[in-house]
**Student:** 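The structure is given below, and queries will be raised subsequently.
The figures that follow rest on heavy atoms only: side chains count, while hydrogens, waters and symmetry mates do not. In each ligand, atom 1 is the first atom listed, and ligand 1 is the first ligand listed.
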Amino acid sequence: MKLLVTGGAGFIGSNFIRYWLKKHPDDSIINLDVLTYAGNLESLKDIEKNPNYRFIKADVCDVDIMNDLVSQVDLIVHFAAESHVDRSIQSSQDFIRTNVEGTRVLLDAAKNSGGIRFHHISTDEVFGSLGLKDRAFNENTPYDPRNPYSASKAASDHLVRSYFYTHKLPITISNCSNNYGHYQFPEKLIPLFVTNLLEDKKVPVYGDGMNIRDWIHVDDHNQGVEEIIRKGRVGETYLLGGDNELTNLELTKIILDLMDKDEKMIDYIKDRPGHDLRYATDFSRTRKELGWQPRVKFKDGLKETIDWYKNNQDWWQRVKSGEYQEYYKKQYS
Ligand code: NAD
Ligand code: DAU
């Protein structure tokens, strides 16, 4: 099979490419990524010489390139997005462009190529914010996005589904909870806190730290995506999650403990505007239909992730200093 992976230089996409080529060594992958601040080819150094892997630096909004590339593949896995909520609060422009218009361009390319199988990577944030006693999100939960990032992802999900109903495009969608693992950009909670502590800096907890997220290892997410691609029914939405809800403060204390630091390292700062209180996913239908469930135990996965950041200081220090952006210029100029 030939795959087009968009956003494959980002956190989840780069892990997906590594996962897929290991599991399906005869498949070939085109990784299309425009290399925003979040795209980092240093996350794929071990893959770049694989003959079944090709990188193309391009924008998902580029109609000609997308039409050309999509016509060469059997499957599209669409990760490319602006992904950080805090950045969407500062400016939503890139979020609307990439997440909505980029998805539209890709959908049209898939339609124009005769209906290429299209898997869309989405988020549990599209369902809004749960109260402490509310039942977890499921496939039938009404959309209620509350920040510009989740609103743009919700719009993209609606567009993807509309191409199934209107154009019979064979799509599937997955809505997953908060990922953690290797190669995550140190702006998201876990890599930011771990790398700050490695530098002996404090960790900035928003508000009172009582907001709740559900954490899943990136490999479990990607295995779920694989199962949806293999066995999922077209037109369907599948929820993925880690069954592992924690308040941010609980998570912070676990990280501090694993890194032998004390609570004096916590800096309580001003809350995120419109901060969603709680996300949780009920993925029982995905489990029942596809036999998927998360396998990595959170404490084990987190400890292994912290060890990875300890042992790969070069990777994240080059990200924090900006040097990583020079790499592609040498490799792909
Ligand atoms: P990321 O920010 O690490 O990576 C995004 C990638 O997309 C980057 O490599 C970037 O260069 C690329 N990109 C951005 N704009 C582009 C454009 N116009 N054209 C081509 N490439 C472009 O994000 P991530 O955390 O890996 O998330 C990947 C996907 O998974 C996103 O769609 C996100 O909404 C979704 N998701 C993320 C999480 C999470 O916890 N990180 C959870 C659920 C769903
Ligand atoms: O739920 C899935 C979503 O998870 C994905 O769709 C997004 O792409 C991904 O970024 C993530 O969104 P969050 O906003 O939940 O992730 P973030 O790591 O930014 O924040 C996690 C929680 O920690 C959130 O409640 C805000 C809080 N936080 C975050 C940062 C960066 C802090 O308290 N301090 C921080 O410095």
**Student:** May I ask whether E187 has any heavy atom positioned less than 4.0 angstrom from an atom of ligand 2?
**Tutor:**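 Yes, that is the case, since the closest heavy atom of the residue is under 4.0 Å from the ligand.
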**Student:** Inspect the contact between D157 and K153 and indicate whether a charged nitrogen and a carboxylate oxygen are less than 4.0 angstrom apart.
**Tutor:**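 No, no charged N to carboxylate O under 4.0 Å.
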**Student:** List below, pair by pair, the N or O atoms of ligand 1 and of the protein that are less than 3.5 Å apart, including the distance to 0.1 Å; reply 'none' if no pair qualifies.
**Tutor:**
unit_1	atom_1	unit_2	atom_2	d
ligand 1	2 (O)	S83	OG	2.7
ligand 1	3 (O)	F11	N	3.0
ligand 1	9 (O)	G10	N	3.0
ligand 1	9 (O)	D33	OD1	3.3
ligand 1	9 (O)	D33	OD2	2.6
ligand 1	11 (O)	D33	OD1	2.5
ligand 1	11 (O)	T36	N	3.0
ligand 1	11 (O)	T36	OG1	3.1
ligand 1	18 (N)	D59	OD1	3.0
ligand 1	18 (N)	T98	OG1	3.0
ligand 1	19 (N)	V60	N	3.0
ligand 1	21 (N)	V34	N	3.2
ligand 1	23 (O)	S83	OG	3.2
ligand 1	26 (O)	F11	N	3.3
ligand 1	26 (O)	I12	N	2.8
ligand 1	32 (O)	F79	O	2.9
ligand 1	32 (O)	K153	NZ	2.6
ligand 1	34 (O)	Y149	OH	2.6
ligand 1	34 (O)	K153	NZ	3.1
ligand 1	40 (O)	N179	N	2.9

**Student:** Taking the inter-plane angle between the rings of F283 and W292 on a 0 to 90° scale, is it parallel (under 30°), tilted (30 to 60°) or perpendicular (over 60°)?
**Tutor:**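 If you compare the ring of F283 with that of W292, the planes turn out perpendicular.
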**Student:** Using a strict cut-off of 4.0 Å, indicate which atoms of ligand 2 neighbour a heavy atom of T123.
**Tutor:**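 Near T123, meaning under 4.0 Å from one of its heavy atoms, ligand 2 has 1 (O), 2 (C), 3 (C), 5 (C), 6 (O).
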**Student:** Could you name each residue pair satisfying ring-ring contact (aromatic ring centres under 6.0 Å, His included) that touches residues 30-52, not counting sequence neighbours?
**Tutor:**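 Checked against ring-ring contact (aromatic ring centres under 6.0 Å, His included) - neighbours excluded - the pairs reaching residues 30-52 are Y37-F185.
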**Student:** For atom 3 (C) of ligand 2, what's the nearest protein heavy-atom neighbour? Residue, atom name and distance, please.
**Tutor:**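 Checked against all protein heavy atoms, atom 3 (C) of ligand 2 sits closest to E125 OE2, 3.2 Å.
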**Student:** Within the 4.0 Å heavy-atom shell around K188, which atoms of ligand 2 are there?
**Tutor:**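 In order of numbering, the contacting atoms are 10 (O), 18 (O).
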**Student:** Ignoring hydrogens and angles, tell me if any N or O in the side chain of W316 forms a donor-acceptor pair with the backbone of Y309 under 3.5 Å.
**Tutor:**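 At least one qualifying donor-acceptor pair exists.
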**Student:** Salt-bridge test for D74 and R117: reply yes if a basic N is under 4.0 Å from a carboxylate O, no otherwise.
**Tutor:**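 Not counted as a salt bridge, because no side-chain N and carboxylate O are separated by less than 4.0 Å.
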**Student:** Counting distance only, does the side-chain N/O of D220 pair as donor-acceptor with the main-chain N or O of V296 below 3.5 Å?
**Tutor:**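 Yes, the answer is positive, given that a donor and an acceptor are paired below the 3.5 Å cut-off.
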**Student:** Any Lys/Arg nitrogen of K23 or E226 sitting under 4.0 Å from an Asp/Glu carboxylate oxygen of the other?
**Tutor:**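 Yes.
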**Student:** Is R104 salt-bridged to D108, going by a charged N under 4.0 Å from an acidic O?
**Tutor:**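 A salt bridge links R104 with D108.
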**Student:** Residue-level breakdown please: for I190 versus ligand 2, do any non-hydrogen atoms fall below 4.0 Å on the side chain, on the backbone, on both, or on neither?
**Tutor:**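 Neither; nothing of I190 gets under 4.0 Å from ligand 2.
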**Student:** What's the separation between atom NE2 in H167 and atom CG in L107, rounded to the nearest 0.5 Å?
**Tutor:**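 If we round to the nearest 0.5 Å, H167:NE2 and L107:CG are 9.0 Å apart.
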**Student:** Identify the protein heavy atom lying closest to atom 8 (O) of ligand 2, giving its residue, its atom name and the separation to 0.1 Å.
**Tutor:**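 Answer, as residue, atom name and distance: S83 O, 2.7 Å.
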**Student:** What is the ring orientation for F137 with Y279, classed by angle as parallel under 30°, tilted 30 to 60°, or perpendicular over 60°?
**Tutor:**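 F137 vs Y279 ring planes: tilted.
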**Student:** Given I216, D271, D124, I212, which has its nearest heavy atom closest to atom 2 (C) of ligand 2?
**Tutor:**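 Answer by nearest heavy atom: D124.
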**Student:** For ligand 2, which atoms have a heavy atom of V205 less than 4.0 angstrom away?
**Tutor:**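 So the answer, numbered in order with elements, is 33 (O).
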**Student:** Could you identify the single nearest non-hydrogen protein atom to atom 11 (C) of ligand 2 and state the distance to 0.1 Å?
**Tutor:**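 Of every protein heavy atom, N178 ND2, 3.4 Å lies nearest to atom 11 (C) of ligand 2.
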**Student:** Report yes if some N/O of Y149 lies less than 3.5 Å from some N/O of ligand 2; otherwise report no.
**Tutor:**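 Yes: some nitrogen or oxygen of Y149 is under 3.5 Å from one in ligand 2.
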**Student:** Would L189 count as being in polar contact with ligand 2, using the rule that some N or O on each side must be under 3.5 angstrom apart?
**Tutor:**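 Yes; at least one N/O pair falls below 3.5 Å.
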**Student:** Regarding ligand 2, does Y279 bring an N or O atom to under 3.5 Å of one of the ligand's N or O atoms?
**Tutor:**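 Not met; the criterion fails.
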**Student:** Closer than 3.5 angstrom, by distance alone: can the side chain of S129 be matched with the main-chain N or O of L277 as a donor-acceptor pair?
**Tutor:**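 Yes.
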**Student:** Specify the protein heavy atom at minimum distance from atom 20 (O) of ligand 2: its residue, its atom name, and the distance to 0.1 Å.
**Tutor:**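 Looking at atom 20 (O) of ligand 2, the protein heavy atom closest to it is R272 NH2, 3.9 Å.
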**Student:** Is it true that D59 and R97 have a side-chain N and a carboxylate O under 4.0 angstrom from each other?
**Tutor:**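 Looking at D59 and R97, the cut-off is met.
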**Student:** Between R135 and D282 (salt bridge meaning N to carboxylate O under 4.0 Å), is one present in this structure?
**Tutor:**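 Salt bridge: no.
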**Student:** Measure the distance from atom 24 (C) of ligand 2 to every protein heavy atom, then report the residue, atom name and distance (to 0.1 Å) of the closest one.
**Tutor:**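 Nearest protein contact, heavy atoms only, for atom 24 (C) of ligand 2 is H275 NE2, 3.4 Å.
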**Student:** If you count the atoms of ligand 2 from 1 in the order shown, which ones are under 4.0 Å from a heavy atom of H84?
**Tutor:**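 So the atoms of ligand 2 that pass are 19 (O).
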**Student:** For atom 34 (N) of ligand 2, find the nearest protein heavy atom and state the residue, atom name and distance (0.1 Å precision).
**Tutor:**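 Of the protein heavy atoms, P204 O, 2.7 Å lies nearest.
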**Student:** Does an N or O from F193, backbone or side chain, lie closer than 3.5 Å to an N or O of ligand 2?
**Tutor:**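 In fact, backbone or side chain, F193 has no N or O that close.
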**Student:** Distance-only, no hydrogens or angles: does the R278 side chain make a donor-acceptor pair with backbone N or O of L132 under 3.5 Å?
**Tutor:**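 Looks like yes, one N/O pair under 3.5 Å.
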**Student:** Walk me through whether Y183 and W308 qualify under ring pair (Phe, Tyr, Trp, His ring centres under 6.0 Å).
**Tutor:** CA-CA 9 Å; Y183 299 109; W308 186 86; 4.7 Å; yes
**Student:** Can you sort out which atoms of ligand 2 are near L192, meaning under 4.0 Å from one of its heavy atoms?
**Tutor:**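 Ligand 2 atoms under the 4.0 Å threshold to L192: 36 (O).
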**Student:** Do me a favour and list the nearest non-hydrogen protein atom to atom 33 (O) of ligand 2 with residue, atom name and distance?
**Tutor:**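 Heavy-atom neighbour on the protein nearest atom 33 (O) of ligand 2: Y206 N, 2.8 Å.
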**Student:** Which residue and atom name correspond to the protein heavy atom nearest atom 27 (C) of ligand 2, and how close is it?
**Tutor:**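 For atom 27 (C) of ligand 2, the nearest protein heavy atom comes out as N248 ND2, 3.4 Å.
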**Student:** Should the pair E82-R87 be classified as a salt bridge under the 4.0 Å nitrogen-to-oxygen rule?
**Tutor:**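 Between R87 and E82 there is no salt bridge, as every charged N stays at least 4.0 Å from the carboxylate O atoms.
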